[in-house]
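Just so we're clear, the structure is a prediction, and the values are computed from it rather than from any experiment.
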Amino acid sequence: MAVDTVPQQIVELDPPDSPPLRITVLLLWFTDMVAATLFFVVPYATELNPITVLFFNIFGLAGVPLAAALYALLIIFIGHLLSDPYDVQFTLAVASLYTLLVINNILLLLLGEPLLALIA
């Protein structure tokens, strides 16, 4: 008689249902990563995310995409753990957040002013 002392537990990942939504998040994430990288090479823009700044200070310019990759992995992991309809809602929320970040970052890079300064 064999006794199984370690429980056999497999984490089943449940990807979000909407492939176009996932592609949108990926494209927005990539655009945000490029803009964040450019923040470190232009004199008039500043990256506000302290984790990205920390990775930049440790690894140089390569630390910016590394931090962005860690954010992406975290988003993918959370999206896979959630079940329907929460995974789609989470992905939609992340896409909305990245949309705001991308708009702000591009305006900051092109015009030197963040989104809030242009609205006010």
Does [X] have any side-chain contact (heavy atoms from CB on, under 4.5 Å) partners at least two apart in sequence or in another chain, and if so, which?
X	result
Thr31	Val102, Ile106
Thr46	none
Leu97	Leu101

Side-chain donor/acceptor pairs under 3.5 Å, residues 109-120, sequence neighbours excluded:
none

[X] and [Y]: same hydrophobic cluster, using ILVMFWY side-chain contacts below 4.5 Å?
X	Y	value
Leu38	Leu48	no
Ile51	Phe59	yes
Phe90	Ile23	no
Ile103	Leu27	no

Listing, residues 65-78 side-chain donor-acceptor contacts under 3.5 Å, not counting sequence neighbours, or none:
{"unit_1": "Tyr71", "atom_1": "OH", "unit_2": "Asn49", "atom_2": "OD1", "d": "3.2"}
{"unit_1": "Tyr71", "atom_1": "OH", "unit_2": "Asn49", "atom_2": "ND2", "d": "3.1"}
{"unit_1": "Tyr71", "atom_1": "OH", "unit_2": "Thr52", "atom_2": "N", "d": "3.4"}
{"unit_1": "Tyr71", "atom_1": "OH", "unit_2": "Thr52", "atom_2": "OG1", "d": "2.9"}

List for me each residue that meets ring-ring contact (aromatic ring centres under 6.0 Å, His included) alongside Phe40, sequence neighbours excluded, and say none if there are none. Phe56
How about Asn105 and Phe39: do any of their side-chain heavy atoms sit closer than 4.5 Å? yes
Do Val41 and Leu61 have side-chain heavy atoms sitting under 4.5 Å apart? yes
For the residue pair [X] and [Y], what are the closest heavy atoms and their distance?
X	Y	result
Ala95	Leu28	O-CD1, 3.4 Å
Leu21	Thr91	CG-CG2, 3.6 Å
Asp87	Gly79	CB-O, 3.4 Å

Trp29 vs Leu26, test: side chain to side chain contact (heavy atoms under 4.5 Å, CB included). Steps then yes/no. CA-CA 5 Å; Trp29 166 83; Leu26 178 63; 3.9 Å; yes
